[in-house]
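Please read all numbers here as calculations on a predicted model, not as lab measurements. Hydrogens, waters and symmetry mates play no part in the numbers below; they use all other heavy atoms, side chains included.
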Amino acid sequence: MNNLMTINDHKAVIQYDPEIEMFRGEFIGLAGGADFYASDIEGLKTEGAKSLEVYFDMCKERGIEPYKSFSGRFNVRMPPELHAQIVCAAAARGKSLNDLIVEAVTEFTKH
């Protein structure tokens, strides 16, 4: 996926910050913030690893769970017309709306 980098098995979103002319990385799925900056790819990898180490050390020191917990549930807002269309599409396939959405999101995350 574009703008994602994996550092020590943790995914981070990478964006360019034109104000400071550097790349900024922010780890996904952590309960707190762990961001890092560098001007090149190798620097991002190095600074990201340092940021993770500091973050996990701090969590351990404070007795904090380092990862967000996910319930597996979320609300989606969409136009009523689209809602009606996907209910019909799911029914036509003999699936629940939930199953159709899970399939679509699973397919989307593969790319």
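- Side chains of Phe23 and Ser39 form no contact here, defined as non-hydrogen atoms less than 4.5 Å apart.
- Following chains of ILVMFWY side-chain contacts shorter than 4.5 Å, one cannot reach Phe70 starting from Ile28, and the two form parts of different hydrophobic clusters.
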Any chance you could lay out the side-chain contact (heavy atoms from CB on, under 4.5 Å) test for Ile14 and Leu4, step after step, and finish with the verdict? CA-CA 6 Å; Ile14 308 299; Leu4 280 183; over 6 Å; no

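- Within the 4.5 Å cutoff, no side-chain heavy atoms of Ile101 are placed close to those of Val76.
- The salt bridge (Lys or Arg N to Asp or Glu O under 4.0 Å) test applied to Glu26 returns Arg24, not counting sequence neighbours.
- With hydrophobic clusters built from ILVMFWY side chains whose heavy atoms lie under 4.5 angstrom apart, Met78 shares a cluster with Phe74.
- Residue Ala89 comes nearest to Arg93 through the heavy atom pair O-NH1, 3.0 Å, listed as atom of the first residue, atom of the second, then distance.
- At least one side-chain heavy atom of Phe27 sits less than 4.5 Å from a side-chain heavy atom of Leu52.
- Side-chain atoms of Tyr67 and His10 include a donor-acceptor pair closer than 3.5 Å.
- Put simply, the side chain of Phe56 reaches to within 4.5 Å of the side chain of Leu30, judged on heavy atoms.
- Pairing each heavy atom of Thr109 with each of Thr106, the nearest pair is OG1-O, 2.9 Å.
- The closest donor-acceptor contact from the side chain of Tyr37 to the backbone of Asp17 lies at 3.5 Å or more, if one exists at all.
- The shortest distance between side-chain heavy atoms of Thr46 and Lys50 falls below 4.5 Å.
- For Lys11, the salt bridge (Lys or Arg N to Asp or Glu O under 4.0 Å) criterion is met by no residue, not counting sequence neighbours.
- For Asp99, the salt bridge (Lys or Arg N to Asp or Glu O under 4.0 Å) criterion is met by no residue, not counting sequence neighbours.
- Atoms NZ and OG1, from Lys45 and Thr6 in turn, are 10.0 Å apart once rounded to the nearest 0.5 Å.
- In this structure, SG on Cys88 lies 11.5 Å from CG on Leu100, to the nearest 0.5 angstrom.
- Side-chain contact between Phe108 and Lys110 is absent, with no heavy atoms from C-beta onward closer than 4.5 Å.
- Taking every heavy atom of both residues into account, Ser96 and Ala90 meet most closely at O-CB, 3.8 Å.
- Residues Phe36 and Leu44 have side chains in contact (heavy-atom distance under 4.5 Å, counting atoms from C-beta outward).
- Here the straight-line distance linking atom CG of Asp57 with atom CZ of Arg62 works out to 11.5 Å at 0.5 Å rounding.
- Rounded to the nearest 0.5 angstrom, Ile7 CD1 and Glu47 CD are separated by 9.5 Å.
- Looking at Glu21 and Tyr16, their side chains come closer than 4.5 Å, going by heavy atoms from C-beta outward.
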